[in-house]
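All remarks here apply to the structure that follows.
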Amino acid sequence: METKIRKIDKNQIDEKVIEEAGALLREGKLVAFPTETVYGLGADALQEEAARKTYEAKGRPSDNPLIVHIADYEQLKKIAVNIPPETDILAAHFWPGPLTMIFEKSALVPYGTTGGLDTVAVRMPVDPVAQALIRAAGGFVSAPSANTSGRPSPTTARHVEEDLSGKIDMILDGGTVDIGLESTILDMTVSPPMILRPGAITAEMFEKVIGQVDVDKTLLSEESTQAPKAPGMKYRHYAPKAKLIMVEGDLREEILAIRQISYEADRKGKPIGIIATSETLPFYNHGIVKNIGTRENEKTIARNLYSILREFDEENVDTIYSESFAVQGIGSAIMNRLEKAAGHLRIPASEIVKLQKYRRVTFVSGTDSARGPMAAELLRHCDLKQEYVINSRGIVVLFPEPANQKAEAIMKSARMTLADHSSLQFDDEDIKEDTLVLTIDESQKEKILSEYGSRDNVFTLNEFIGDDTAIPDPYGKPLTAYGECLEVLDKLIKKLADKLNSLMEEEK
Ligand code: AMP
Ligand code: MG
């Protein structure tokens with residue numbers, strides 16, 4: 001089947017295009033169209049056969065009911081019965097808009113549309129293209145998300161094309177949608193009404209209007225043995241091709257954990273994908289990192305979520321790790337979709353972070369011009385299971401100076417360099433708990449302890465690795481002395497790397 005694609009501008013609707021699309025729907029054909037939530041796959045909701053075609057095009061299980069879209073409030077009474085009184089006030093506040101309400105269905109609605117249920121889900125979208133199309137189609141358009149079942153919902157016409165080209169009659173291309181997540185579903189057949197799917201209209205918003213609402217407990221936990229009340233919520237959904245894992249903890253721990261995971265993955269030559277935010281982007285320097293939006297305005301995150309998941313399908317990654325979001329306001333809907341896309345795979349950030357005893361290693365020598373910087377550079381060249389910030393500092397540094405020239409010459413001969421080094425005085429910043437402080441000799445350790453008091457993160461290098469090979473001081477001696485010093489340091493730093501790597505294992 002050829003899928004016609006028609007551009008349409010919601011600010012200046014071309015009636016001819018709407019009429020053409022409406023005629024297709026009246027004939028029982030399928031037309032995808034933009035709504036403010038996601039793109040919908042439209043069909044005439046009152047034709048059983050049209051519903052069948054919808055399930056087939058999407059590959060959707062036929063027990064998963066469709067939402068009927070209306071453009072005029074009076075139409076609700078034709079398809080729903082026993083409409084509870086709070087409906088008027090909810091509609092006055094949230095319709096047209098991203099709210100779906102569930103009622104007992106009237107005889108007009110075929111069971112094909114409701115997946116065999118005696119209830120019907122109804123929504124009145126705000127998007128003017130959607131409204132015009134619904135009217136042109138006769139008033140009742142069933143419209144599940146216009147994606148292949150199980151894939152991320154479409155937020156652009158391009159996404160619809162990717163999934164459904166050749167399987168449906170027409171796509172109305174109205175640009176990128178506004179909200180980006182499916183509507184909130186509120187079950188009106190129970191009292192108080194119950195949220196079956198979180199969306200842009202939040203529990204907090206309902207409470208202001210009608211008081212207490214319930215939330216289907218199965219939504220956020222996979223432990224529940226009960227089936228969710230909206231049949232669609234039981235399927236793994238919204239899923240990218242790669243495995244998605246939610247990293248959960250406080251934000252700082254999440255960042256540290258994802259940094260560690262991405263570092264390890266790169267080291268094994270298998271980069272991971274990372275879902276980050278504008279605020280956290282700068283912290284990641286490994287893996288394929290995508291910005292899902294800003295934490296300052298979670299609406300941006302909702303809007304980008306599905307397209308980011310789709311973008312990862314173009315990348316060569318097997319696993320994607322995502323930061324988490326607070327479960328309040330639209331954050332509930334964001335976490336619900338991410339958790340479902342992840343098939344509820346999650347890891348606590350703290351588990352990974354606690355394996356990291358130290359995050360920094362700082363070497364301390366007298367003037368930070370030769371042995372300290374050499375040791376630091378040697379450690380940077382080691383294969384470490386964890387990423388450390390590796391520095392060197394001096395006990396007495398009056399002003400920043402480049403590394404000793406002989407030290408640099410000897411490092412160059414070993415294919416390393418101290419060219420970027422500039423000496424720095426050891427100070428308060430360097431003694432923090434997450435820093436392993438390793439002095440070249442005993443006198444520097446004593447100096448630090450006398451200044452900062454007793455600490456359990458300050459050692460001589462020899463002491464920390466349990467090897468008492470003296471580190472010769474080459475200062476003022478010929479180049480060969482620097483060579484001998486490098487040889488000793490090289491041996492000790494390799495031991496240090498082994499020790500650091502085994503520390504990580506021990507914690508496991
Ligand atoms: P979609 O159209 O892709 O946004 O999916 C529609 C969602 O609404 C699915 O999760 C359905 O299970 C849910 N739904 C539709 N009709 C009903 C109903 N009568 N009762 C409960 N859930 C429904
Ligand atoms: Mg869907």
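FYI, the numbering just counts along the sequence from 1. All of these numbers come straight from a predicted model, not from anything done at the bench.
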TODO: Determine the minimum heavy-atom distance between A57 and L164, stating which atoms define it.
DONE: O-CD2, 3.4 Å

Task: Main-chain N/O of A200 paired with K299 side-chain donor or acceptor, under 3.5 Å - done: no

TODO: List in chain and number order the residues that pass side chain to side chain donor-acceptor pair (under 3.5 Å) with T148, two or more places apart in sequence or in another chain; answer none if no residue qualifies.
DONE: none

Open item on the list: Taking M194's backbone N and O only, do any of them form a donor-acceptor pair with D187's side chain (distance below 3.5 Å, no angle check)?
Closed with: no

Open item on the list: Looking at every heavy atom in both L133 and A21, which two are closest together, and how far apart are they?
Closed with: CD1-CB, 3.5 Å

Name every donor-acceptor pair, under 3.5 Å, that has one atom in a side chain of residues 82-94 and the other anywhere in the protein, sequence neighbours excluded.
residue : atom : partner : partner atom : Å
N82     : ND2  : E104    : OE1          : 2.8
T87     : OG1  : P84     : O            : 2.7
D88     : OD1  : Y73     : OH           : 2.7
H93     : ND1  : I89     : O            : 3.2

Task: Heavy-atom pair of closest approach, residues E254 and G249 - done: OE2-O, 2.8 Å

Open item on the list: With side-chain contact (heavy atoms from CB on, under 4.5 Å) as the criterion, how do L172 and M170 come out once you've worked through the C-alpha distance, each side chain's angles and the decisive distance to 0.1 Å?
Closed with: CA-CA 7 Å; L172 294 182; M170 184 181 276; 3.9 Å; yes

Open item on the list: Quick check against the 3.5 Å criterion: does N457 have a side-chain atom that pairs as donor or acceptor with the backbone of K432?
Closed with: yes

Task: Results of salt bridge (charged side-chain N to carboxylate O under 4.0 Å, His left out) for R60 - residues two or more places apart only - done: none

TODO: Report the distance from atom CD of E339 to atom CE of M246, rounding to the nearest 0.5 Å.
DONE: 5.5 Å

Task: Distance (rounded to the nearest 0.5 Å) between T100 OG1 and I195 CD1 - done: 12.0 Å

TODO: Check the pair R303, D178 against salt bridge (charged side-chain N to carboxylate O under 4.0 Å, His left out), reporting the backbone distance first and the verdict last.
DONE: CA-CA 7 Å; R303 195 176 299 143; D178 182 29; 3.7 Å; yes

Open item on the list: Taking side chain to side chain contact (heavy atoms under 4.5 Å, CB included) as the definition, give me every residue that meets it alongside R310, ordered by chain and number, with sequence neighbours left out.
Closed with: N147, R151, P152, H159, E162, D163

Task: Whether K105 side chain and L117 backbone form a donor-acceptor pair below 3.5 Å - done: no

Task: side-chain contact (heavy atoms from CB on, under 4.5 Å) partner of Y321, chosen from I275, L244, I347 - done: I347

TODO: List for me each residue that meets side chain to side chain donor-acceptor pair (under 3.5 Å) alongside D383, sequence neighbours excluded, and say none if there are none.
DONE: R267

Task: Pairs where residues 254-310 contributes a residue and the test ring pair (Phe, Tyr, Trp, His ring centres under 6.0 Å) is met, not counting sequence neighbours - done: Y238-Y306, Y263-H286

TODO: Check D173, I5, T156 against E161 for a side-chain contact (heavy atoms from CB on, under 4.5 Å) and give me the one that passes.
DONE: I5

Task: Beyond-backbone contact of L181 with I334, side-chain heavy atoms, under 4.5 angstrom - done: yes

- [ ] Kindly indicate, with the supporting measurements, whether the criterion side-chain contact (heavy atoms from CB on, under 4.5 Å) is fulfilled by L379 and Y388.
- [x] CA-CA 10 Å; L379 187 62; Y388 295 92; 5.8 Å; no

Task: Set of salt bridge (charged side-chain N to carboxylate O under 4.0 Å, His left out) partners for R52, sequence neighbours left out - done: E49, E56

- [ ] Could you tell me whether the side chain of F140 reaches within less than 4.5 Å of the side chain of V109, counting heavy atoms only?
- [x] no

Open item on the list: Checking the side chain of E48 only, and the main-chain atoms of G112 only, is there a donor and an acceptor separated by less than 3.5 Å?
Closed with: yes

Task: Straight-line distance of R346 CZ to S324 OG, nearest 0.5 Å - done: 8.5 Å

- [ ] Go through the structure and list residues passing side chain to side chain donor-acceptor pair (under 3.5 Å) with K77, not counting sequence neighbours.
- [x] none

Open item on the list: Show the nearest heavy-atom pair for residues I67 and S183, with the distance to one decimal.
Closed with: CD1-OG, 4.1 Å

Open item on the list: Quick test of your reading of the model: are E182 and R197 salt-bridged, counting only N-O distances below 4.0 Å?
Closed with: no

Task: Atom pair CG/NZ of L30 and K53 - distance to nearest 0.5 Å - done: 6.5 Å

Task: Main-chain N/O of A45 paired with T113 side-chain donor or acceptor, under 3.5 Å - done: yes

Task: Result of checking T294, T300, N291 against S278 for side-chain hydrogen bond (donor to acceptor under 3.5 Å, both in side chains) - done: N291

Open item on the list: Quick check: closest heavy atoms across K58 and S145, and the distance to 0.1 Å?
Closed with: NZ-O, 2.6 Å

- [ ] Using modelled atom types only, decide if a donor and an acceptor are shared between the side chain of Q260 and the backbone of K385 within a distance under 3.5 Å.
- [x] yes

TODO: For the pair R123 and E36, find out whether any cationic side-chain nitrogen is under 4.0 Å from an anionic carboxylate oxygen.
DONE: yes

TODO: Applying side-chain contact (heavy atoms from CB on, under 4.5 Å), run through L108 and L46 and close with a yes or a no.
DONE: CA-CA 7 Å; L108 197 61; L46 305 186; 4.0 Å; yes

Open item on the list: Check whether T184 reaches the backbone of I201 with its side chain - one donor and one acceptor, N or O, closer than 3.5 Å.
Closed with: yes

TODO: Check whether any side-chain heavy atom of K10 sits under 4.5 Å from a side-chain heavy atom of P34, and report yes or no.
DONE: no

Task: Residues in side chain to side chain contact (heavy atoms under 4.5 Å, CB included) contact with E15, at least two apart in sequence or another chain - done: I13, I18

Open item on the list: List the residues meeting side chain to side chain contact (heavy atoms under 4.5 Å, CB included) with T277, not counting sequence neighbours, and say none if there are none.
Closed with: E279, T280, I292, R295, I301, E323, F325

Open item on the list: Check whether T202 reaches the backbone of P198 with its side chain - one donor and one acceptor, N or O, closer than 3.5 Å.
Closed with: no

Task: Basic-acidic side-chain contact under 4.0 Å: E19, R26 - done: yes

Task: K290 side, atom NZ; S307 side, atom OG - distance, nearest 0.5 Å - done: 9.5 Å

Task: Atom pair CD1/CZ of I390 and R380 - distance to nearest 0.5 Å - done: 6.0 Å

- [ ] Determine which pairs satisfy ring pair (Phe, Tyr, Trp, His ring centres under 6.0 Å) with at least one residue from residues 34-58, sequence neighbours left out, and list them in order.
- [x] none

- [ ] Any salt bridge (Lys or Arg N to Asp or Glu O under 4.0 Å) involving residues 127-150? Give me the pairs, sequence neighbours left out, ordered by first then second residue.
- [x] D72-R135

- [ ] For side-chain contact (heavy atoms from CB on, under 4.5 Å), just list the numbers for N391 and T435, CA-CA rounded to whole Å, side-chain angles, deciding distance to a tenth of an Å, and then say yes or no.
- [x] CA-CA 10 Å; N391 284 314; T435 308; over 6 Å; no

Open item on the list: What I'd like to find out is whether the side chain of I261 reaches to under 4.5 Å of the side chain of T319, using heavy atoms alone.
Closed with: no

Open item on the list: I'd like to check K229 versus V190 (side-chain heavy atoms, cut-off strictly below 4.5 Å). Are they in contact?
Closed with: no

Task: T37 and V177, any side-chain heavy atoms less than 4.5 Å apart - done: no

- [ ] For residues A302 and I330, report the shortest heavy-atom separation together with the two atoms involved.
- [x] CB-CD1, 3.9 Å

Open item on the list: Quick check against the 3.5 Å criterion: does T3 have a side-chain atom that pairs as donor or acceptor with the backbone of I168?
Closed with: yes

